[in-house]
Amino acid sequence: MKHTGKLIAIILALTIVSLAVYGCINDTRKNSWGSFTNKKTESYDGKYYAAQTTSEQAVKVTVYEKETDKEVYSFTPARSMDFWGICWESDSYNIWIQSGDIGVYCYKYADNKWELDEQAKRPADIISKYDLIGND
């Protein structure tokens with residue numbers, strides 16, 4: 001009988017620790033941005049970098065030439081409340097946007113401009129935050 005209280009306390013402590021660990025792992029997975037970031041990020045070869053600025057209304061993505069820090073192009077892809085980051089394709093200058101209301105879509109690079117390409121197919125190596133949800 002004397003050890004029963006200690007045993008129950010140990011089982012209870014292990015249960016709490018297990019739930020806390022599972023909660024942290026699960027919470028991290030659900031809050032992950034996948035391949036996307038809201039931080040400054042470089043193109044695959046380091047020629048360009050993109051940075052995002054957010055107002056109350058929208059997110060503006062500005063692309064800079066890394067060597068000179070000169071602004072090359074900018075566009076406004078999403079409302080700030082729906083924005084979940086950008087990422088570069090691993091072998092081109094195309095930029096992908098992750099938005100809570102529209103999903104994942106591409107701004108294709110051509111002639112020193114980035115323009116929306118509604119027909120672009122997302123490469124397999126670009127992971128959306130929504131791809132991670134429910135994949136335990």
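Numbering starts at 1 and runs along the sequence shown.
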Examine distances only and state if a side-chain atom of [X] and a backbone atom of [Y] form a donor-acceptor pair shorter than 3.5 Å.
X    : Y    : answer
E89  : P123 : no
W96  : V104 : no
T54  : S80  : no
D111 : K113 : no

Provide the closest heavy-atom pair for [X] versus [Y] in the form atom of the first, atom of the second, distance.
X    : Y    : value
G85  : F36  : O-CD2, 3.5 Å
Q52  : V59  : CB-CG1, 4.0 Å
S128 : Q98  : OG-OE1, 2.8 Å
L116 : Y105 : CD1-CD1, 3.6 Å
T76  : Y107 : O-OH, 4.1 Å
A51  : Y64  : CB-CE1, 4.3 Å

Subject >> Candidates Y73, Y49, Y48 - the one meeting ring-ring contact (aromatic ring centres under 6.0 Å, His included) with Y93 >> reply: Y48

Original post:
So do the side chains of D131 and R122 get within less than 4.5 Å of each other, counting heavy atoms only?
Top reply: yes

**OP:** Answer yes if the side chains of E71 and T62 hold a donor-acceptor pair under 3.5 Å, and no otherwise.
**Re:** no

**OP:** Please work out whether the ring planes of Y109 and W114 are parallel, tilted or perpendicular, with thresholds of 30° and 60°.
**Re:** tilted

